[in-house]
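Here is the naming used below: chain letters follow the sequence lines, and residue numbers restart at 1 for every chain.
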Number of protein chains: 2
Amino acid sequence: MTFQKRAHKILELLEELGEVEIRQLAAEIGVSEVTVRRDLANMAASGLLYRTHGGAMKVSQLIKPVSFANKAAVNFKAKDAICKRAAEDINDGDVIFIDCGSTAFRLCQFIKNKKIKVITNSLPVVNELQNSAVTINLIGGEVDPIRQAIHGTIATEHIARYHASKAFLGADGITCDGLYAGSEHEASNTLAMASQSDQTYLLCDVSKIGKTSYLKFDDLSVVDILVTDYNGPEITEFQSKEILVYSVTY
Amino acid sequence: MTFQKRAHKILELLEELGEVEIRQLAAEIGVSEVTVRRDLANMAASGLLYRTHGGAMKVSQLIKPVSFANKAAVNFKAKDAICKRAAEDINDGDVIFIDCGSTAFRLCQFIKNKKIKVITNSLPVVNELQNSAVTINLIGGEVDPIRQAIHGTIATEHIARYHASKAFLGADGITCDGLYAGSEHEASNTLAMASQSDQTYLLCDVSKIGKTSYLKFDDLSVVDILVTDYNGPEITEFQSKEILVYSVTY
DNA sequence: CATAAATGATTATTTTTGATTGATTATGAT
DNA sequence: ATCATAATCAATCAAAAATAATCATTTATG
């Protein structure tokens with residue numbers, strides 16, 4: 001039983017039940033709880049599900065605003081520190097892209113009072129910024145019910161009609177070779193946003209650094225600034241590729 | 001029983017009852033009062049409810065933007081009856097437009113189990129159809145924070161790229177002379193949806209019949225079917241304009 | 001065969017929960 | 001109004017459960 005097969009099974013059960021327990025999954029799939037936990041961590045990082053204490057639930061079942069439930073989210077302290085640093089570069093009057101994904105989502109809390117325009121394909125971002133000072137443009141297209149984001153060719157084309165001063169992007173993994181995504185849709189949206197903005201920020205907590213996923217979609221050429229809580233040896237490699245690195249601590 | 005699950009339960013009970021006591025919640029959910037108190041503190045901090053001595057209260061409707069999502073909405077019985085009748089015409093395989101507005105929103109509950117594609121510019125519709133059998137396409141563009149909908153020229157252009165078999169539209173007012181809207185944006189979206197679908201249904205409860213608003217945007221030529229709880233004299237006039245009228249009672 | 005990756009067992013750490021206790025707040029009688 | 005009583009609350013602590021981290025073992029892969 002490979003990871004892909006288990007992931008499929010888990011998503012199936014999740015779709016059917018809305019929420020699942022680790023105990024239950026381990027028994028159902030026939031692997032140890034440790035493995036299930038690892039799988040869930042992976043899938044949560046890709047935005048396929050929301051990790052709870054003892055199990056997982058569908059992202060779409062989260063209570064809105066999502067920031068409420070997210071207090072217990074994976075690695076949220078690192079993500080908050082990253083986003084706080086990134087938000088310092090956002091000024092009134094800016095037009096920014098915000099990518100979908102749990103990391104970029106945490107940017108919302110730091111920009112609520114800024115007079116900016118946010119263009120996003122993430123439904124949680126829209127919900128979160130609902131009653132804030134920012135004006136929101138939502139990318140149109142197919143709704144991905146699992147990731148809670150807008151995807152598809154129409155979405156990608158729609159992004160191309162906008163232009164922003166800064167883009168705040170996420171990725172499933174990043175190595176010195178490039179960026180990795182969990183799905184083609186996400187990759188093309190991320191790339192589209194990058195190409196339509198003056199500066200692109202990549203928000204990556206330590207768990208993403210050095211990690212690869214099934215689809216490599218960029219050789220790091222689109223990334224201008226990497227914001228991360230990681231400070232290991234790869235940092236200099238990123239810098240040698242003309243990437244400015246913001247190292248944050250918390 | 002995780003925190004998220006309890007939060008759901010609490011919000012559910014709160015929505016139903018208006019206010020709840022800690023004793024009651026503890027018994028209902030099957031956890032200690034201490035835990036309930038902790039949950040309520042968390043939720044109150046996020047503005048999901050008001051904490052009272054011994055329990056909690058629902059936050060006032062004024063503060064919540066999506067006011068038409070709950071049963072307290074205006075005239076909901078008539079709207080439900082209208083939408084129920086309209087939903088009978090929706091079959092598996094259909095592609096339909098759903099307009100923004102409180103009336104069309106109530107269509108959601110009747111189509112959750114249909115295998116259809118819904119194209120909409122209404123954020124509450126997207127939220128409501130989240131865990132349903134339907135696939136959703138969201139119109140892109142500017143987010144109107146008051147109406148909870150997407151509008152603007154990009155939105156109108158985006159609608160033009162789709163085609164649907166049926167469109168379920170709303171209006172601020174309808175007379176024998178035409179349709180009235182409260183804003184240009186809404187009007188152009190409604191018109192765009194109408195022109196891109198084979199059949200257009202207008203969902204209007206009695207309070208809209210005979211009412212005018214500041215912008216007349218159509219002379220009834222785009223309306224194929226009017227679904228309403230009104231059964232006064234104007235009905236024959238609508239019929240004489242080649243509009244099929246579904247009169248519902250409740 | 002050697003290396004790398006994935007899995008499972010074990011242990012330490014963290015999170016969650018519920019009980020207890022003293023402080024605070026509401027209620028009603030005077 | 002004031003006080004006494006009862007209820008609720010916040011804080012602390014301990015137990016249980018879940019998680020993260022480490023290491024050994026198994027399984028794949030070149």
Assess, by modelled atom type and distance only, whether the side chains of A:K166 and A:T200 contain a donor and an acceptor separated by less than 3.5 Å.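 No, because no side-chain N or O of A:K166 sits under 3.5 Å from a partner of the opposite role on A:T200.
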
C:dG8, C:dG18, D:dT19: which one has an atom nearest the side-chain heavy atoms of A:R51?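 Within the option list, the nearest is D:dT19.
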
Name the closest nucleotide to the B:H53 side chain, picking from C:dG18, D:dT19, D:dT8.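 Closest of the options to the side chain of B:H53: D:dT8.
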
Without swapping roles, check the side chain of A:D99 against the backbone of A:T190 for a donor-acceptor pair under 3.5 Å.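 Absent.
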
Quick check: does any side chain N or O of A:T103 sit under 3.5 Å from a backbone N or O of A:K79, one acting as donor and the other as acceptor?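 Not at all, since once roles are kept as given, no pair shorter than 3.5 Å links the two residues.
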
Pairwise side-chain contact, A:T175 with A:T212, heavy-atom cut-off 4.5 Å (strictly under):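 When only atoms from C-beta onward are counted, A:T212 and A:T175 do touch, with a gap below 4.5 Å.
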
Any non-hydrogen side-chain atom of A:M43 less than 4.5 Å from a side-chain atom of A:I10?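 They are in contact (side-chain heavy atoms under 4.5 Å apart), so the answer is yes.
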
Nearest heavy atoms of A:L220 and A:G178, plus distance in Å: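 The answer is CG-CA, 3.8 Å.
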
Given the structure, check if the side chain of A:R37 and the base of C:dG8 hold any donor-acceptor pair shorter than 3.5 Å.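 No pair found.
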
Over the length of the helix from C:dC1-D:dG30 to C:dT30-D:dA1, how much do the five-pair end axes diverge, rounded to 10 degrees?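 It works out to 40° between the end axes.
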
Ignoring hydrogens and angles, write down the donor-acceptor pairs under 3.5 Å from the side chains of residues 230-239 of chain A, residues two or more places apart or on other chains.
from   : atom 1 : to     : atom 2 : distance (Å)
A:Y230 : OH     : A:E234 : OE1    : 2.4
A:T236 : OG1    : A:P233 : O      : 2.9

Mind calculating the distance between [atom1] ([X]) and [atom2] ([N]) to the nearest angstrom?
X     : N      : atom1 : atom2 : result
A:K77 : D:dA20 : NZ    : P     : 13 Å
B:R38 : D:dC9  : CZ    : P     : 13 Å
A:L40 : C:dT7  : CG    : P     : 13 Å
A:F3  : C:dG8  : CZ    : P     : 14 Å
B:K5  : C:dT16 : NZ    : P     : 17 Å
A:N75 : D:dT19 : CG    : P     : 15 Å
A:E33 : C:dG8  : CD    : P     : 11 Å

Show the numbers, then the answer: is there a side chain to side chain donor-acceptor pair (under 3.5 Å) between A:Y162 and A:N137? CA-CA 10 Å; A:Y162 288 112; A:N137 275 56; 2.8 Å; yes

State whether B:D80 and B:R106 are salt-bridged, where the test is any N-O pair (Lys NZ or Arg NE/NH1/NH2 against Asp/Glu carboxylate O) under 4.0 Å.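 Yes, this pair counts.
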
List in numerical order all residues of residues 19-28 of chain B for which some heavy atom is under 4.0 Å away from an atom belonging to DNA chain D.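 Close to the strand are B:I22, B:R23.
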
May I ask you to evaluate whether A:T35 reaches the phosphate of C:dG8, defined as a side-chain N or O under 4.0 Å from OP1 or OP2?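 It does, given that an N or O in the side chain of A:T35 lies less than 4.0 Å from OP1 or OP2 of C:dG8.
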
